Amino acid sequence: MRNHTLTKAVVLGAAASLAAVMGTASAAPATVPSAAHTVQRQSGRPVVVDCFWHPEVRPSAFMIACGDGNSLLSSVHWSQWGSSSAVAEAVNMVNDCKPYCAAGRFHSYPVTVRLDHPQPWKKRPQLQHYTRMTLTYTDGRPDGFGRVVTYPLWD
């Protein structure tokens, strides 16, 4: 008899817990705005758009070469993210493509990153996004690269 009572208590407790969780889940909104959109709405600061057309604020990594993945930023640490520019220290991982890109090796170069020239994003005009990225190599740089390299960022 005691085992039957204990089993019934466990089953009822589990059912009550499940009902509480389901009630909470069904009360949640169906869609949640992206973190970048929420942050920008609150702060009025621009976003940076990644290769998958996602708006981001202070990303810790960023793919520069979307087509082939041969250049990316890692270990990104933002010191500024403002209404007209953003500044970070990062590591630019660049494939040397020797003898060709699929057989190449990635090399690390410390850089200072600057994002600027915010404009309305064509995909979501209510969002401002940075349209230019400037990398300043602080200790070595890939063959053929200048000390300062500027890239347009996509709309």
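Nothing here was measured: the structure is a model prediction, and the numbers come from that model. All values below were derived from every heavy atom in this structure, side-chain atoms included, with hydrogens, water molecules and symmetry-related copies excluded. In this chain, numbering begins with 1 at the start of the sequence shown.
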The test is side-chain contact (heavy atoms from CB on, under 4.5 Å); show your working for W154 and W53 and say whether it passes.
CA-CA 9 Å; W154 34 93; W53 299 100; 4.0 Å; yes
According to salt bridge (Lys or Arg N to Asp or Glu O under 4.0 Å), who are the partners of D143, at least two apart in sequence or on a separate chain?
K98
For V47 and V57: C-alpha separation, side-chain torsions, deciding distance, then whether side-chain contact (heavy atoms from CB on, under 4.5 Å) applies.
CA-CA 5 Å; V47 298; V57 174; 3.9 Å; yes
V76, V49: one ILVMFWY side-chain cluster at the under-4.5 Å cut-off?
yes
Please tell me whether N92 and S71 have a donor and an acceptor in their side chains that are separated by less than 3.5 angstrom.
yes
Evaluate the side-chain proximity of T136 to V113: yes if any heavy-atom separation is below 4.5 Å, no if none is.
no
Should L73 and M133 be marked as a side-chain contact (heavy atoms from CB on, under 4.5 Å) after you check the CA-CA gap, both sets of side-chain angles, and the distance that decides it?
CA-CA 11 Å; L73 296 174; M133 174 186 290; 4.1 Å; yes
Test salt bridge (Lys or Arg N to Asp or Glu O under 4.0 Å) applied to R132 - qualifying residues, sequence neighbours left out
D116
Side chains of L135 and F145: does their closest heavy-atom pair fall under 4.5 Å?
no
How long is the gap from CD1 on I64 to CZ on F62, to the nearest 0.5 Å?
7.5 Å
Evaluate the side-chain proximity of M93 to H107: yes if any heavy-atom separation is below 4.5 Å, no if none is.
no
Under 4.5 Å between any side-chain heavy atoms of P59 and V48, yes or no?
yes
Run the side-chain contact (heavy atoms from CB on, under 4.5 Å) check on Y137 and V148 step by step: do they pass?
CA-CA 6 Å; Y137 290 90; V148 177; over 6 Å; no
Grab the two heavy atoms, one from E56 and one from W81, that are nearest each other, plus how far apart they are.
O-CZ2, 3.7 Å
Contacts satisfying disulfide (SG to SG under 2.5 Å) that involve residues 54-99 (not counting sequence neighbours) are C51-C66, C97-C101
Taking the ring of W121 and the ring of Y130, is the distance between their centroids below 6.0 Å?
no
Test item: side-chain donor near acceptor, E89 and S79, under 3.5 Å:
no
Measure the shortest side-chain to side-chain distance between Y109 and V94 over non-hydrogen atoms and say whether it is less than 4.5 angstrom.
yes
Taking C-beta and beyond as the side chain, do T138 and T112 meet within less than 4.5 Å on heavy atoms?
yes
